[in-house]
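Step one of this worksheet: look at the structure below.
Atoms within a ligand are numbered from 1 in the order they appear, just like the ligands themselves. Sequence positions, counted from 1, serve as the residue numbers for this chain.
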Amino acid sequence: MVSWGRLILHAFSFSPISDNGLSKIYTPDKAKFTVPAAQPAKSVLGGSNGKSFHGPAFISNGMQALENALGQHQQDGNSVLGSLDAPKLPSFRTDGGTPLPFGFPWGQSTANNTNYYTDTPNTGVTRYYDFEISAGQIAPDGVFKEGVLINGQFPGPTIEANWGDMISITVKNSLDEGTSMHWHGLLQKATPWYDGVPTIMQCPIAPGKSFTYTFQADLYGTSWYHSHFSAQYAGGAAGAMIIYGPKNVDYDIDLGPVILTDWYHQDYYTLVEQTMSKASDNTPQPASNNNLINGKMNFPCYAGVNCTENAGVSKFSFTSGKKHRLRLINMSAEAMQKFSIDGHTMTVIANDFVPVEPYEVAVVTLAVGQRTDIIVEADGSPTDSVWMRSNIKYCSLTDGTVDEAVAAIYYESADNTTIPTSNSSVTVAQLSYCNNDDLSVTKPFFPITPDPNPSTTEDLIIEYRTNETDFNLWFVNNVSFRGDYNNPVLLEAKLGNLDFPEEYHVMNFGSNNTVRLIVYNYFAFGGHPMHQHGHNVYVLAEGFGEWDNTVTNPGNPQRRDTVWVQAAKDKDTPAYVVLQFDQDNPGSWPFHCHIAWHVSAGLYVSILERPDDIRKNMKIPG
Ligand SMILES: [Cu+2]
């Protein structure tokens, strides 16, 4: 239900059909709603050969030790993640002439004395990386497939920088199709042309060509980078990006990235074709075959699959009595990940790039694109071994064979080949609750009060419909996005061309100081992780039906860059989230669903912010 009061107000304050892509007073066309094709019946857990395996890691029955049948290189190429050899992370980088005023690269800034949106330090240091994107054979779960690799690795290399460093990355495209790389969550305040999105601010990097992105690490914490070309990242073209900064909580050991990925045995382009098939073909959305932690999991191999049993799960080490930081990143194509560690509670210290007042959870929920940093106190005994788990059974599309990734955690005196026997105390109710932590508990550590009276408010209505040519597409306010690789929005805006084809779905918010977006999801079969480029958004409220104007924690609401909007209750009762951002970053910024299949089918808008500034002041490198 839309808020009629506000829409009528809009009708008086704007021309009802404006040329800025706003205020078209759109109401959902419920008669056109499409019900997605039914998923095939799920396999029994473990698949047709499940009786040949035991335990949550699907170890073949003869095996009584947790050993990796495939070598690290066969599983994940050149990646070192997921092995006990993976390096622990430092508090910050000290190489490359890092200055340490007052003992830290960022000087006297702390987590609670500095607004990181306005006061990024300048370290004067640049971190250089060379990435080559190429196709290559990997077998993360023992099933061999051609992945899209970065420097021959899956997951890709971990970027490490200090807050305030410059990062310069030359991306060489050795694929036979285009590519581009997006640095998820960074604001790109000085360099909006290096955000890495084809059709919005750059042309794709052509096969055989290179492109250098140079930008500042303007926020700190845990994030990732990924190809923003088609659904390439679902084939593997993604990695962790760690920006060291002030700590909001003390801990002893940084275990580094814990990357959670739903996994598909088919190539990503086959899956995109599947999602884009004719509506009358009644093809279901792709279902994942497995789930990975740091690029590893076993698969219960069955006849007809090119597969190695006991391929290997990831292993981590705990030191008893110490506090460990784990940097959880959901790099999935579709899955909402429900993460837990048997017998251990977790303290959340950051969501996305926003440190929060610490709070305890039994399960961490991460929608696609989201990150959560946790502290886990190793309060077991020195010989303990326990399972780490990430479950996708209830809130995601799986084929049922494997619906939970596991990894082994070994305390310092445990045998590193022991099969843990720990059990999870997480309940089905917790695993089937398909939403992030309540907004009332997620309070940013550095408080900011948003403008209670935003300059403009826009409703965004999400629908799933069959179009005139028999394709099932996502619509936002009656437009399904299609971009043009040759005419990126930012470059057009620089030229003063603000008349965009409707399917670019440019929403020109002009020079408004603050923008409020009320996002209504009318799709009753799933939610959407909505990712805002160029900003952290305030998350003011969420719920079902019509927003009652109540804001959660109005003095300091949750902020993040990827916000889950739940599934609608039914076609008359949408789910909503109320978001707001300050227009302090001139540029063209995608706001899109991060589910790979949804963004491919049009769930995408381009927010054009301060086009006058872009035209007059922006110096875009040629
Ligand atoms: Cu979506």
Exercise for review: Sequence neighbours left out, what passes ring-ring contact (aromatic ring centres under 6.0 Å, His included) with F131? Give chain and number order.
Suggested key: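 Scan of F131 (ring-ring contact (aromatic ring centres under 6.0 Å, His included), adjacent residues dropped) gives Y225.
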
Review point. Distance below 2.8 Å from the Cu ion (ligand 1): how many protein N/O/S atoms qualify?
Key: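 Protein heteroatoms (N, O, S) closer than 2.8 Å to the Cu ion (ligand 1) number 3.
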
**Study point:** Point-to-point distance, once rounded to the nearest 0.5 Å, from CD of Q153 to CD1 of I138
**Key:**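 CD1 of I138 is found 11.5 Å from CD of Q153.
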
Practice item. Answer yes or no on whether K569 is positioned over the face of F544, meaning its NZ or CZ is under 6.0 Å from the six-membered ring centre and within 45° of the axis. Key: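 The answer is yes; both the distance and angle limits are met.
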
Check your understanding: With sequence neighbours left out, what residues match C395 under disulfide (SG to SG under 2.5 Å)?
Key ->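 Once residues adjacent in sequence are excluded, the partners of C395 under the disulfide (SG to SG under 2.5 Å) criterion are C434.
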
Check your understanding: So H535 and H533, ring-ring contact (aromatic ring centres under 6.0 Å, His included) or not? Walk me through it.
Key -> CA-CA 6 Å; H535 291 280; H533 291 228; over 10 Å; no

Practice item. Not counting sequence neighbours, list each pair that qualifies as a salt bridge (charged side-chain N to carboxylate O under 4.0 Å, His left out) and has a residue in residues 264-284. Key: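 Applying salt bridge (charged side-chain N to carboxylate O under 4.0 Å, His left out) to every pair that reaches into residues 264-284, excluding sequence neighbours, yields nothing.
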
